[in-house]
Each structure stands twice: as C-alpha cells, then as structure tokens.
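One structure is given here, and the rest of the page talks about it.
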Protein chains: 2
Amino acid sequence: MATIRDLARRCGVSVATVSRVFNNPDAVTRETREAVLRAAALLGYTPSAPARTLATKRSRMVGLAWDTGHRGPGWRHPFLQELLVGLKTALSERGYHLLMLATGEDADGHLRAVRRHSLDGVVFIDDGTADPALTRLAESGVPCVSLDRPVTGRRATYVTSDNAGGAGAAVRHLYERGRRRIATIAGPGRTHPGAERLAGYRAALAALGLPLRDEYVVEGDFYLGGGHAAMRRLLALDECPDAVFAAGDEMAVGAVRAALEAGLDVPGDVAVAGFDDIEPASLVRPALTTVAQDRAGFGAAVAAALISMIDDPDAAAPPPTVLPVRLVVRETSGPPRAG
Amino acid sequence: MATIRDLARRCGVSVATVSRVFNNPDAVTRETREAVLRAAALLGYTPSAPARTLATKRSRMVGLAWDTGHRGPGWRHPFLQELLVGLKTALSERGYHLLMLATGEDADGHLRAVRRHSLDGVVFIDDGTADPALTRLAESGVPCVSLDRPVTGRRATYVTSDNAGGAGAAVRHLYERGRRRIATIAGPGRTHPGAERLAGYRAALAALGLPLRDEYVVEGDFYLGGGHAAMRRLLALDECPDAVFAAGDEMAVGAVRAALEAGLDVPGDVAVAGFDDIEPASLVRPALTTVAQDRAGFGAAVAAALISMIDDPDAAAPPPTVLPVRLVVRETSGPPRAG
DNA sequence: CGGTTTCATGTAACCGGTTACAGATAAATC
DNA sequence: GATTTATCTGTAACCGGTTACATGAAACCG
C-alpha cells in the first residue's frame with residue numbers, strides 16, 4: 001500500500017501538497033496536481049480513511065441504528081431494501097458510507113459506537129416506538145435522522161410519509177366509490193404512522209360530512225392476524241361497514257380474508273384499502289387498493305437531511321421531511337354490489 | 001473525548017498498560033486492570049476505532065458489496081432483512097461491524113474501498129451473475145464470502161442453501177401426492193440457485209423412475225410474469241403436467257394464476273410448489289407449498305466463514321456452506337381431483 | 001525600484017492508538 | 001546470597017493522514 005509519503009517522494013513534492021491535491025485541489029498548481037494524480041493512479045494510491053478520520057475527526061460514515069426487537073424480532077420494515085438502496089446511493093454520491101450498528105450491547109451502545117468511530121451522523125430505523133437510548137443519542141448533538149418517528153434534539157429531525165394525507169386519500173376514494181359506512185383498522189397508537197393515519201381518517205370523514213363512530217375504529221397491530229381479528233369485530237357490528245381503511249397492508253389482507261370467510265364479497269359487500277403497498281398487495285386476489293409511499297425518496301431525503309446538518313455544524317436541524325404518497329387503486333375498492 | 005493518555009495519566013500508568021488492559025488483559029495485574037477499567041468507565045473512555053485501525057491495519061469491519069442492477073434495479077433478495085439481521089448479529093458478537101459499500105463508481109470501487117478502510121473481509125450479495133470486478137476482488141486475497149454464488153479465490157468461499165435437495169424434496173412431495181407428470185419452471189441457468197434447483201428436479205425424477213421430458217422444463221426469470229408465461233406454455237402441451245415445481249415463489253404464484261385463468265383448479269388439476277417461502281407465499285390463496293430456506297442461518301454462516309478466514313490469515317478458505325432447507329406444505333400441493 | 005500582497009509549497013506537530021524493546025521487580029533456583 | 005527466570009510496566013517509534021505556520025518567489029503598486 002502506497003502512502004502519502006511514497007507519493008510525495010515520487011513526485012518530488014511534500015506530503016502537504018499531495019494532501020492538498022485530494023482535499024483542496026485549487027490550492028495547488030495545475031501541473032503539480034496533475035502530476036500527483038498521475039502518480040496516484042499509477043501507484044494505485046488511495047488516502048487511508050482511518051488516518052484521515054483520525055486527523056480530522058470526521059469519518060464520512062454515518063451509522064445505521066436499525067433496531068428490531070421493540071415490537072419483537074418479527075418486525076419488518078415494509079420496504080427496507082429500497083430504503084437501504086436509496087440511502088446508500090444518496091450517501092455515496094456525497095462520499096459517505098453507511099456503517100451498520102449492532103443492536104444489543106447495553107442501551108448506550110449506539111452512542112458509544114458514534115464516538116468510537118467518529119460517526120458523522122446516525123440514521124434510525126425502528127418500529128416507531130420511542131427508545132430512551134435513541135432519544136439520548138438524538139439529544140447528544142450528533143446529527144440524527146429517524147424514519148417515521150418524531151425525534152427531539154437540536155440536530156435531529158425525521159422523514160416520514162404523508163400518512164394523514166394518504167389515509168385521507170384512501171377514505172375519499174372509498175367515498176367516491178359510493179361507500180358511506182367507512183370504518184378503519186388503525187395501527188398501534190404509539191407509532192407515528194399509526195396515529196397519523198388514524199388522524200387522517202378522522203379528518204377525511206369530517207371533511208366529507210360523515211359521522212365519526214367510535215365502533216368504526218378498531219386498533220390492530222399492523223399484522224395479518226390483527227387485521228383479521230379487527231375485521232371480525234367490525235363485521236359483528238349491528239350496522240356493518242361497507243368499506244374499511246386498514247392502516248397497513250398486512251392488516252388489510254387479513255381483513256379481506258376475514259370478509260371472504262364470512263361469506264362476503266370483496267369489494268361487492270365491503271371494500272378495503274390498505275397502506276404501504278407491500279409486495280403481496282398486488283399478488284393477492286382480489287388485489288389490494290392501497291397507498292404507496294415514495295420508497296426511493298425516503299433514502300434520498302434521509303441522506304439530504306443528514307448531510308445538510310453535517311455540512312453546517314452549527315445549523316439547527318431542518319424541519320421534518322414529509323414525502324408525498326400515491327393512491328394505488330386495485331380491485332378491493334371496486335364498486336359496491338349493484339342495488 | 002478522553003484519550004488513552006488522559007486515562008494513563010489519571011491512573012498513573014503508561015499508555016502501553018492502558019492499551020494492554022483492552023487488548024491483552026492477562027498481561028496486566030488484576031489491580032491495575034481494574035483501576036484502569038474503573039477510570040475508563042468514569043471518563044466514558046472508548047478506544048478510537050480509526051486510531052486502532054491505523055496502528056494495526058485491521059478495522060474489525062467487513063464490507064457489504066451489495067450490488068443490484070445486474071438483473072436490473074428491480075432485483076430483490078427474497079429475505080434481505082433477515083439476512084442482514086443475522087449477519088449483523090453474528091458479526092457484532094465477534095466485535096465486527098458491517099460497512100455498506102457503494103455500488104457504482106468504477107468497476108474496482110469495492111477493491112479500493114477495501115484498501116481505503118482496511119476492511120477485514122467482504123460479503124457479496126448479488127443476483128448470482130458473475131461480475132468481473134467481484135471476481136477480481138475475490139482473487140485479491142481479501143477474505144470474501146458470497147451468497148448463492150460460487151467464487152474462486154484462495155480466501156473466498158460461499159454460502160448457499162441446499163437448492164438441489166430442496167428441489168428434490170418438492171418433487172418427491174408432489175410425487176407422493178399422486179402426481180406423475182411433474183414439470184418445472186426453472187430459474188435462469190446462469191444463476192447458481194437456478195441451475196441447482198433444476199439439477200435437483202432432474203435427479204429426483206430419475207430417482208423416482210419418472211421420465212425426463214424436455215418439454216416439461218421451461219426456463220423462467222424468477223419473476224411473476226415469467227412464471228405466468230411459462231405456465232401457459234406448459235398448459236398448452238398435448239399432455240399437460242399435473243404438477244409444477246417452480247424454482248422461485250414469484251414464478252409459482254404466476255403459475256398458479258395462469259392455471260386459474262385457464263379454468264383449472266389448483267391443486268385439483270395441477271399442483272404447484274415453489275421455492276424461497278417469500279412472504280406472499282402464505283398470503284395468496286391457495287397458499288403456496290414451497291421450500292423454505294434457513295434465513296437466520298445464512299447470516300450466521302456467512303459471519304462464521306468470514307471470521308474463520310480473518311482469524312487465521314494464512315488458512316485456505318473453508319469449503320462452501322450448504323444450509324438445509326425445509327419443505328413447507330400448504331394448499332397448492334393438495335390431493336388431485338378425485339377420479 | 002523597494003515594499004507589500006498573493007500564491008504555491010514545505011516543515012513539523014498532531015490525531016489516538018499499538019507494540020517492540022528495554023528496564024525493573026519479584027520469584028525461583030542452586 | 002548470587003544468578004537466573006518470569007512477570008509486569010514504561011519509553012518511544014510508528015501507523016498515514018491533516019493543517020497551522022513559515023518561507024520564498026512572483027505579481028503588483030505607486
């Protein structure tokens with residue numbers, strides 16, 4: 001491995017000059033710069049990241065605090081892969097890398113990892129449940145961006161979808177398809193998307209002049225079984241809904257299944273709309289009407305927020321990013337049974 | 001941030017002693033060690049990773065070369081999330097971290113990243129298509145472990161599932177359910193799982209004494225549309241199969257759909273089995289019989305292979321790990337229509 | 001033309017660890 | 001008690017960069 005001194009000697013310049021070629025090219029004569037770059041290419045020289053980090057205290061790495069386990073190890077992000085691709089791509093365009101932080105250790109493991117590696121920032125992905133350790137990290141001054149979860153901290157912000165707007169769009173869509181008794185299977189209230197989607201549902205009903213019935217709001221757990229159980233409760237009501245907005249696709253699939261099992265037709269007797277546009281949504285029959293999030297946009301937005309804070313060490317955190325969503329109409333929200 | 005010298009001064013010992021406390025505790029008196037550890041806890045001291053890397057040339061980080069894009073950006077790993085969790089967990093237990101490598105740059109970007117960050121090893125995740133840059137990396141001497149893709153290189157090995165065995169199990173299962181005209185929708189032959197699953201299908205037919213008919217082997221692309229199209233071709237045959245083993249679940253779902261569209265009953269007229277046990281497999285109706293892989297085991301196996309190579313710098317690569325698979329019987333392989 | 005600026009470059013300290021080697025002390029051996 | 005050996009600790013060089021400051025040359029100026 002060639003070092004900066006090898007390169008300097010070979011070019012007959014000082015190490016400072018070589019360093020400048022890579023960090024502040026304009027401070028060096030064009031000829032010198034080109035000679036150094038040529039020699040670098042020849043020797044296969046690449047500046048050592050740890051050495052640079054040691055000297056500058058900036059690692060050009062951001063940590064990924066990806067915790068599963070609050071809601072059980074079974075928790076899965078609906079589109080982790082696209083998220084990571086987007087994040088990785090956007091970060092790498094700016095010269096940053098993603099370091100996956102280990103879960104476990106003690107509660108402050110992440111904070112220690114940040115100091116250990118001189119991380120420039122941290123991204124949280126979790127199930128939206130507040131974790132005191134993450135909160136402390138966000139308040140420690142390290143630039144932090146979380147997904148779908150409000151955070152406090154001078155240099156902490158978050159990225160989320162327009163959950164309320166998407167829920168509203170789904171409800172309006174059901175209304176336009178002639179439904180008037182629109183229920184919801186909500187997500188857990190302690191999660192941000194769960195709470196926001198419920199708020200959006202309520203707001204939309206109010207805007208449409210529909211009554212808000214308590215019995216039409218059932219809380220689920222974002223999982224298939226929860227959606228199934230919730231739907232059974234809704235179907236047992238005296239005045240059973242003719243449409244259901246489920247705050248998550250898995251719950252929506254469970255709801256459809258419960259309706260079919262009860263001998264109802266979907267969408268004939270009851271229409272269903274979900275949220276997230278998970279892969280199975282288009283694979284099940286009837287295919288699920290749902291609200292799709294801007295998957296690629298998430299990663300890019302996280303990277304943008306993070307880098308803006310990193311670049312300006314004493315700027316306050318940018319306001320939360322709210323990404324637009326898009327209603328995807330499929331089969332479960334078809335027209336009601338004639339008559 | 002407390003440094004090793006702060007700690008040394010505070011404890012009245014030398015930096016060497018402090019260093020030893022963390023790296024070679026037995027070389028230090030118990031009293032001294034405990035005093036240092038106490039002080040470390042008090043000051044919140046954590047050894048700096050970059051400084052350590054600089055001095056030792058070992059970063060305790062492994063790169064994740066996760067390339068999408070060969071088979072198009074749409075390529076998705078069937079269980080990336082479990083894979084990453086397993087990998088991250090297994091690595092962190094041994095004190096290693098995962099650094100996500102950026103795609104793009106020029107072809108040798110990964111190799112440069114390895115040198116830049118003094119990475120101790122690299123994990124490949126891709127769609128199984130050979131990429132010359134990765135091959136070069138594997139042959140460069142860096143410990144490499146790839147997923148579902150044979151690699152050459154003195155310190156390179158791979159982890160895969162028992163693809164042939166799983167395919168055989170699926171075929172035998174269909175046979176036991178009374179099927180005799182068993183076709184397959186294969187994956188692309190250039191991918192390792194595609195080739196292996198086809199081999200397993202062939203071996204099983206031979207072992208069961210069933211004839212091997214060329215027209216019963218149709219190559220798909222692992223996607224829904226490919227499975228659908230392949231099934232249509234199979235159904236158009238003079239003697240149409242009564243069972244289909246699809247080498248991937250998405251193709252299996254497409255095949256089921258094509259059969260249903262043709263007015264056939266699944267499994268009454270034609271049984272279907274898939275491979276991978278993707279999430280939708282249990283969500284579609286009829287639910288898909290498939291071969292499940294050891295999702296958690298993958299990450300652990302990769303970490304084990306990698307660390308064994310890292311720990312012993314001049315050992316050859318361990319042999320490939322082949323993880324057992326498990327047949328998951330659901331509805332699409334039910335009994336044939338009576339009569 | 002002397003004095004001031006500007007610009008490109010070099011020198012050397014520093015970032016925070018590890019570790020070879022030497023030195024000191026205590027234990028073991030004869 | 002002297003000598004050897006084992007055990008613990010310290011000194012200082014080194015890993016490969018960055019950067020404050022100094023230096024010297026060229027450009028500019030009245």
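Small disclaimer: the values here were computed from a predicted structure and weren't measured. We name chains A, B, ... by the order of the sequence lines, and we start the count at 1 in each one.
The side-chain heavy atoms of B:Arg52 and B:Asn23, taken from C-beta on, include a pair separated by under 4.5 Å. Looking at B:Ser59 and B:Leu119, their side chains come closer than 4.5 Å, going by heavy atoms from C-beta outward. At a threshold of 4.5 Å between non-hydrogen side-chain atoms, the residues B:Trp66 and B:Val123 do not count as touching. In this structure, the side chains of B:Leu91 and A:Met100 stay at 4.5 Å or more apart for every pair of heavy atoms.
Rounded to whole Å, the distance from CZ on B:Arg60 to C1' on C:dG17 is 15 Å. Rounded to an integer number of Å, the gap from CZ of B:Arg116 to C1' of D:dG16 is 13 Å. Between the P atom of C:dG16 and the CZ atom of A:Arg115 lies a distance of 13 Å, rounded to the nearest Å. Across the protein-nucleic acid pair, A:Ile4 atom CD1 and D:dT19 atom C1' stand 11 Å apart, rounded to whole Å. Atom CZ of A:Arg58 is separated from atom P of D:dG17 by 18 Å (rounded to the nearest Å). Nucleotide D:dA20 holds its P atom 11 Å from the CG atom of A:Asn24, rounded to whole Å. When the P atom of D:dG16 is taken as reference, atom CE of A:Met1 falls 8 Å away, rounded to whole Å. Between the CD atom of B:Glu31 and the C1' atom of D:dT9 there is a distance of 14 Å, given to the nearest Å.
The stretch residues 54-66 of chain B participates, sequence neighbours left out, in no salt bridge (Lys or Arg N to Asp or Glu O under 4.0 Å) pair at all. The side-chain hydrogen bond (donor to acceptor under 3.5 Å, both in side chains) contacts involving residues 35-45 of chain A comprise nothing, where partners must be two or more places apart or lie in separate chains. Within the structure, salt bridge (Lys or Arg N to Asp or Glu O under 4.0 Å) pairs that include any residue of residues 294-317 of chain A comprise A:Glu82-A:Arg295, A:Arg94-A:Asp311 (at least two apart or interchain). The salt bridge (Lys or Arg N to Asp or Glu O under 4.0 Å) pairs that include a residue from residues 18-32 of chain B are B:Arg30-B:Glu34, where partners are two or more places apart or lie in different chains.
When the side-chain nitrogen and oxygen atoms of B:Lys57 are compared with OP1 and OP2 of C:dT18, none of them lie within a distance under 4.0 Å. One finds a side-chain N or O of B:Ser19 lying less than 4.0 angstrom from the OP1 or OP2 phosphate oxygen of C:dT18. The side chain of A:Asn23 contributes an N or O atom lying less than 4.0 Å from OP1 or OP2 of D:dT18.
Residues from residues 44-54 of chain A lying near DNA chain D, meaning a heavy-atom separation below 4.0 Å, are A:Tyr45, A:Thr46, A:Pro47, A:Ser48, A:Ala51, A:Arg52, A:Leu54 in numerical order.
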Run B:Thr32 and B:Val21 through side-chain contact (heavy atoms from CB on, under 4.5 Å) and show every step you take. CA-CA 8 Å; B:Thr32 316; B:Val21 166; 5.5 Å; no

All N/O pairs under 3.5 Å across the protein-nucleotides 23-28 of chain C interface:
none

Pairs under 3.5 Å (N/O, protein and nucleotides 4-7 of chain D):
none

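In plain terms, the two heavy atoms of B:Arg155 and B:Ala315 that are nearest each other are NE-O, 4.3 Å.
A donor-acceptor contact shorter than 3.5 Å is absent between the side chain of A:Thr157 and the backbone of A:Ala317. Judged purely by atom type and a 3.5 angstrom limit, B:Arg115 has no side-chain atom pairing as donor or acceptor with the backbone of A:Met1.
Each end of the helix from C:dC1-D:dG30 to C:dC30-D:dG1 gets its own rotation axis from five pairs of C1' atoms, and the angle between them is 40° to the nearest 10 degrees.
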Side chains of residues 141-148 of chain B: which donor-acceptor pairs under 3.5 Å do they make with residues two or more places apart or in other chains?
unit_1   : atom_1 : unit_2   : atom_2 : d
B:Ser146 : OG     : B:Arg149 : O      : 2.4
B:Asp148 : OD1    : B:Thr160 : OG1    : 2.6

Per-pair distances, 0.1 Å, donor-acceptor, side chain in residues 4-15 of chain A, under 3.5 Å, sequence neighbours excluded:
unit_1  : atom_1 : unit_2  : atom_2 : d
A:Asp6  : OD2    : A:Thr3  : N      : 2.9
A:Ser14 : OG     : A:Ala16 : N      : 3.4
A:Ser14 : OG     : A:Thr17 : N      : 3.4
A:Ser14 : OG     : A:Thr17 : OG1    : 3.4

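Shown here are the side chain to side chain donor-acceptor pair (under 3.5 Å) partners of A:Thr152, two or more places apart in sequence or in another chain: A:Glu139.
Taking the six-membered ring for Trp and the full ring otherwise, B:Tyr158 and B:His192 have centroids separated by under 6.0 Å.
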Treat primed atoms plus P, OP1 and OP2 as sugar-phosphate and everything else as base, then score nucleotides 7-13 of chain C 5' to 3': B for base contact with protein heavy atoms under 4.0 Å, S for sugar-phosphate contact only, - for none. -SBBBB-

